[in-house]
Amino acid sequence: MDFIIQNIINALQWGSFYALIALGYTLVYGVLRLINFAHGDIFMVGAYIAFFVAGFMLGPALGLSPMATFLFAVPLTMFLTACVGVTLERIAYRPLRRKGAHRLYVVITALMCGLILEYSNLAVLGASRLKFPELVEKTIWNLGGVTLTNLKVIVIFAAVAVFVILNFIVTKTKIGMAMRGISYDKFAIPLMGIPIDSIIVFTFILGSGFAGLAGLLFAMSYPVLEPFMGMIIGWKAFIAAVVGGIGDIRGAFYGGFLLGFIEVGVVTVFPSTYRDLFAFTILLIILWMKPTGLFGMPQSTKI
Amino acid sequence: MKLSLRKMGLLALALVLSFLMTVPAFAADTIKIGFNLPLTGDIPEVGDGSKKAAEMYLKDINEAGGLEVGGKKYMLEFIYMDNESKAESAVNVALKLIEQEDVVAIIGPNSSKQAVPAGGTCNDNRTPMITPWSTNPDTTKDRPWVFRAAFLDPFQGPVAADFAASKFGAKTAAVIFDVSNDYSKGLAEIFKSAWENKGLGPVVAFESHGTKDQDFSAQLTTIIKANPDFIFVPDNYNQVALIVQQARDLGYKGPFMGSDAWGTPDLIKLCGEQCYGNYFSTHYAAAGATGATKVFIDRYQKNYGSTPADYAALTWDSIGLLVQGIQNAGKVESNPRKERQLIRDGLAAIKSFDGITGTSKFDEQGDPIKCAVVVKISDKGEFVFEQSVCP
């Protein structure tokens, strides 16, 4: 029994990262109908930004305690990563949007931006891995054979909190209404006096900011950083978002956890070589039965 | 369709540039040796350390006026190429070194994951290759052109099993390994059969993971549930750092036993205090070395400011072997194909070699028979000599 509960906790932690990254994919897709393939690499940049922010705060210039560093690093990392996301939007996606380029070109641009982020990191920082400092003093609780660390609780709590906040913003606020409006008809929305560019920038701030948070928490949980760490986890989070129904906040959240549970579940029962095969076969079957994803709505285009 | 003048100019420029890059530099009286190294990718420290050791050797030879073969001095030229720690890139690099650079021999790749496929390529192209660090038997098996400087996994696996059984008093073992890495998978299987055949007890869990994995909690939960006396982790240092930490987070308190892939200073950088007190089998122990080994370590430390890991020392020995092979050949042919044949015969003629990682004798397969050491990671993060095991 404790074996099963332990694996549920493992899956919750792993799924939290998928969910956090999938939320970023889904936000941008929901507003722009653009699959931002650079998102996984923005997550990677977030982890590196967190590394340098934490290093600076712990360093001789400021000399903060690890706990204070953690508390300050969260907003600062989110802010700086959001800046990277907004810069990408500014220099790569907006000019294409202005020219009215086909969505396909924007997706290819996004893929390319991701590669540029990876390889510029490799060129600047080198291939050697970095060790992320320990910010939260680890406490291991043992509850009847099940172990839990405070870090895992923080990660799972953060994923749920981000989901609640985003859900509130998108469904309950005016700016969220504008975001949904753009997704519905981006030509009519400016006529209503809504600044479409600002709304899009806001979307990127939200998506990239939470990717930064995910990067920080990931670096704390798995403290070995390398330039290509965002690639595979980014793709998988994207698939999770599609299975959940891309464009829907709930879909990304549940899709992320679903993938986490399937992966951990498969490894528990089968040899690890079957993990991705089984995980993606299950996801394929879900898409097969419900092509819009678990929470997606079929899109109707008006002519 | 008509190309504009500007486009044609650009195209011509690109063509000229690509030609310039592929034309091999030709110089008389030099011996060209290729290095197939992981300078980026999963294990960049390994490529970096090997390159540093090679640079030291190159400086020694060339500052002395070159290498004397058959009464004439030849300068050495080392060409380093990056195999990105990937199997397919290692094959490409081997081909590039052979066909474009016309090297007479290749040193590397280091890890078995790259050395097994690259060894096949070198053997097929009749080019001598010496791998410094690869311990998988398949690298040299039935390949007369491939040699190595390290001991083999069929030797290392039982060494780890015996040590763990006596040191930890272990009755049960668990293994976690990288299934997509020839080295890790081969060693895990050899260890398992050694442990069981010696009647030391059962292997209660035998779990695998992928190279890019970062979360091992599901596998480790299964392992910890099986309650082993120790966990054998024949993995690269970057994964070891994550595995050890996650096992401790899941409440595992027992010891770990590692293999020679642990032996890099980066392990301590990435893993920190959580790796202290564990043991691994390796090729040499830097702390407390004597003689030529100490001279090498001191020089390396003076030049680069860090302790050389086993792959650096083995690269040094590989170059030593190759130099001996060239000298055994007795003359240098200007045709690289003929020269490769001479060097291969020269290498095959070596019966024993006195290197800085110990004295070794060679069997008919081209594999050295040499001793392994077990080191302990001390409370200061140093690799301290614990025990030496000879075949």
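Throughout, a chain's letter reflects where its sequence line sits, starting with A, and its residues are numbered from 1. Computed over heavy atoms, backbone and side chain alike; hydrogens, waters and symmetry mates excluded.
Residues of residues 269-277 of chain B lying under 4.5 angstrom from chain A, judged on non-hydrogen atoms, are B:K269, B:L270, B:C271 in numerical order. Inspection of non-hydrogen atoms places B:Q214, B:D215, B:S217, B:A218, B:Q219, B:T221, B:T222, B:K225 of residues 214-226 of chain B under 4.5 Å from chain A. Below 4.5 Å, heavy atoms of chain B meet heavy atoms from A:F218, A:S221, A:Y222, A:P223, A:V224, all part of residues 212-224 of chain A. Contacts between residues 125-132 of chain A and chain B, counted as heavy-atom pairs separated by less than 4.5 Å, involve A:A127, A:S128, A:R129, A:L130, A:K131.
When A:N7, A:T268, A:I232 are compared by the number of non-hydrogen pairs under 4.5 Å with chain B, A:N7 comes out ahead. Interface check for chain A: of the options B:G210, B:S85, B:G251, B:S208, the most heavy-atom pairs under 4.5 Å are formed by B:S208. Highest contact tally toward chain B, considering only A:T147, A:V264, A:V266, is held by A:T147 [criterion: heavy-atom pairs under 4.5 Å]. Among B:P44, B:A241, B:G47, the residue with the largest count of heavy-atom pairs under 4.5 Å with chain A is B:P44.
Atom-to-atom distance recorded for B:L250:CG and A:N10:CG is 5.5 Å, nearest 0.5 angstrom. Taking CG from A:D276 and NZ from B:K212, the interatomic distance works out to 13.5 Å, rounded to the nearest 0.5 Å.
Here the closest heavy-atom approach between residue B:E207 and residue A:V267 is recorded as OE1-O, 4.3 Å.
The neighbour count for A:F3 CZ, taken as heavy atoms of other residues, nucleotides or ligands under 6.0 Å away, is above 12. Around atom NZ of B:K52, more than 12 heavy atoms belonging to other residues, nucleotides or ligands sit under 6.0 Å away. Remark: B:E196 CD is packed, more than 12 non-hydrogen atoms of other residues, nucleotides or ligands lying under 6.0 Å away.
There is no contact between B:Q239 and chain A, counting heavy-atom distances below 4.5 Å. Contact annotation for A:E263: neither backbone nor side-chain heavy atoms come within less than 4.5 Å of a heavy atom of chain B. With a 4.5 Å cut-off on non-hydrogen atoms, B:D266 touches chain A through its side chain but not through its backbone. Using a 4.5 Å cut-off between heavy atoms, B:D48 does not touch chain A at all.
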List the steps and the verdict of salt bridge (Lys or Arg N to Asp or Glu O under 4.0 Å) for B:D249 and A:K152.
CA-CA 10 Å; B:D249 283 359; A:K152 283 186 184 173; 5.8 Å; no

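Side-chain contact between B:Q245 and A:E134: absent, with no pair of heavy atoms (C-beta onward) separated by less than 4.5 Å.
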